[in-house]
Number of protein chains: 2
Amino acid sequence: MNIGDVARQSGVPPKTIRYYEDIGLIRPNRSENGYRAFTENHVHKLAFLGRARALGFTIEDCRTLLALYEDENRESVQVKAVAEDHLRQIEEKIEKLQSMRTTLTDLVEKCAGDHRPDCPILADLSPVRMSE
Amino acid sequence: MNIGDVARQSGVPPKTIRYYEDIGLIRPNRSENGYRAFTENHVHKLAFLGRARALGFTIEDCRTLLALYEDENRESVQVKAVAEDHLRQIEEKIEKLQSMRTTLTDLVEKCAGDHRPDCPILADLSPVRMSE
DNA sequence: ATTGACCCTCCAGTTACTGGAAGCCTTATA
DNA sequence: TATAAGGCTTCCAGTAACTGGAGGGTCAAT
């Protein structure tokens, strides 16, 4: 199978597939003409990677998850640990963003948004008190 | 004032200050010895940048905000537009992350997390049905 | 004169791709 | 058979916003 077919079947773009090969996530063979030769298994792996990435797992997480995926002797606790860790980081990000949102919403509400220069948003960002 | 003092007063690290000069956010003079020479105004600007960055504004947003900050003829609607746009992007990110969290929380809950290989997390990532 | 704390520049690495250039391979059509 | 379209290849560069480190001047105090 050529890279285009695999891209279509897995949902992962050709560029990304080549990149994944570069960093050693997949190892397709080569045809005589130099084209990458993929198997069904590669399609599965790439779809796996696509889903993992969509859930926000880093490439390194993906590497780990893929290894566990292929390891018949894995213990589910290993997988769970990776997922829990990732979950924690997502929650941290959410909290950070929510805090930003709270502040920003507040500032945006306070700002008249008219032709005058006075602006509570700039006032808040500014370390010196603006027009009082 | 040298870069170290400015860093302490503004809360922005020296490396970052140099970077901000590189990309044209600030333009300190130079002393005869080649050291950057900062003024109080630079400290204000850097503190401004620090706060804007903490609210998640991009560097380009910061550039715009800084220009508005210094423009006495600005209209608050300009500032508000930047903030509202940013707020929208934050909200998008939050939604994406919350969706990930929902899925991940669900998967983590379902996973036994023991010594056995069966794992709903991997099963979900996998395009082929695992052990049924 | 030397030590230690600053300061300087320049280069490289981070994350996960993505775009583009230059050029071969294959397949279909005129 | 010539050629054109589309697919494949490699390699280089750029993205965002820094951060770390090497190699090397400067300054203040001892």
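Chain letters run A, B, ... following the sequence lines, proteins first, then strands; residues in each count from 1.
- Projected onto DNA chain C by closest heavy-atom contact, B/Lys15 and B/Arg8 fall at different nucleotides, the more 5' of which corresponds to B/Arg8.
- The interatomic distance linking A/Tyr19 (OH) with C/dT15 (P) rounds to 8 Å, in whole Å.
- Looking at the side chain of B/Tyr35, the nearest of the listed nucleotides D/dA17, C/dC7, D/dG7 is C/dC7.
- In this structure, CZ of B/Arg63 is placed 12 Å from C1' of D/dA17, rounded to the nearest angstrom.
- Ionic pairing of B/Asp114 and B/Arg116 is present here: one or more N-O contacts between side-chain nitrogen and carboxylate oxygen are shorter than 4.0 angstrom.
- Atom CD in A/Glu21 sits about 19 Å away from atom P in C/dA16, given to the nearest Å.
- No engagement by B/Phe57 is indicated, since no non-hydrogen atom pair under 4.0 Å with the nucleic acid exists.
- Mapping A/Asn33 and A/Pro13 onto DNA chain C by nearest heavy atom places A/Pro13 closer to the 5' end of the strand.
- Counting non-hydrogen atoms of neighbouring residues, nucleotides and ligands closer than 6.0 angstrom, the CZ atom of B/Arg27 reaches no more than 12 such neighbours.
- Regarding A/Glu32, its CD atom lies at a distance of 13 Å from the C1' atom of C/dC25, rounded to whole Å.
- Regarding contacts with the backbone of C/dC25, every side-chain N or O of A/Arg30 stays at 4.0 angstrom or more from both OP1 and OP2.
- The distance from atom CD1 of B/Ile3 to atom C1' of D/dT26 is 15 Å, rounded to the nearest whole Å.
- We find that CG of A/Asp5 is positioned 10 Å from P of D/dG7, with the value rounded to whole Å.
- Rounded to a whole Å, the CD atom of A/Glu60 is 11 Å from the C1' atom of C/dA16.
- Ion pair A/Glu60/A/Arg53 not flagged as a salt bridge, since none of the NZ, NE, NH1 or NH2 atoms sits closer than 4.0 Å to an Asp/Glu carboxylate oxygen.
- Each of B/Leu49, B/Leu46, B/Ile17 was evaluated against B/Leu25; a single residue qualifies, B/Leu49, per the side-chain contact (heavy atoms from CB on, under 4.5 Å) test.
- Nearest-nucleotide positions on DNA chain D place A/Arg18 closer to the 5' end than the other of B/Thr16 and A/Arg18.
- Residue B/Arg53 is in sugar-phosphate contact alone, with no base atom involved, counting any heavy-atom pair closer than 4.0 Å across all strands shown.
- Between A/Tyr20 and C/dC17 there is a side-chain N or O to OP1 or OP2 distance below 4.0 Å.
- The residue A/Arg36 sits close only to the backbone: its heavy atoms come under 4.0 Å of sugar-phosphate atoms, none of a base.
- A straight line from CG of A/Asp22 to P of C/dT15 spans 16 Å, rounded to a whole angstrom.
- Side-chain N or O atoms of B/Gln78 include one that pairs as donor or acceptor with a backbone N or O of B/Glu75 at under 3.5 Å.
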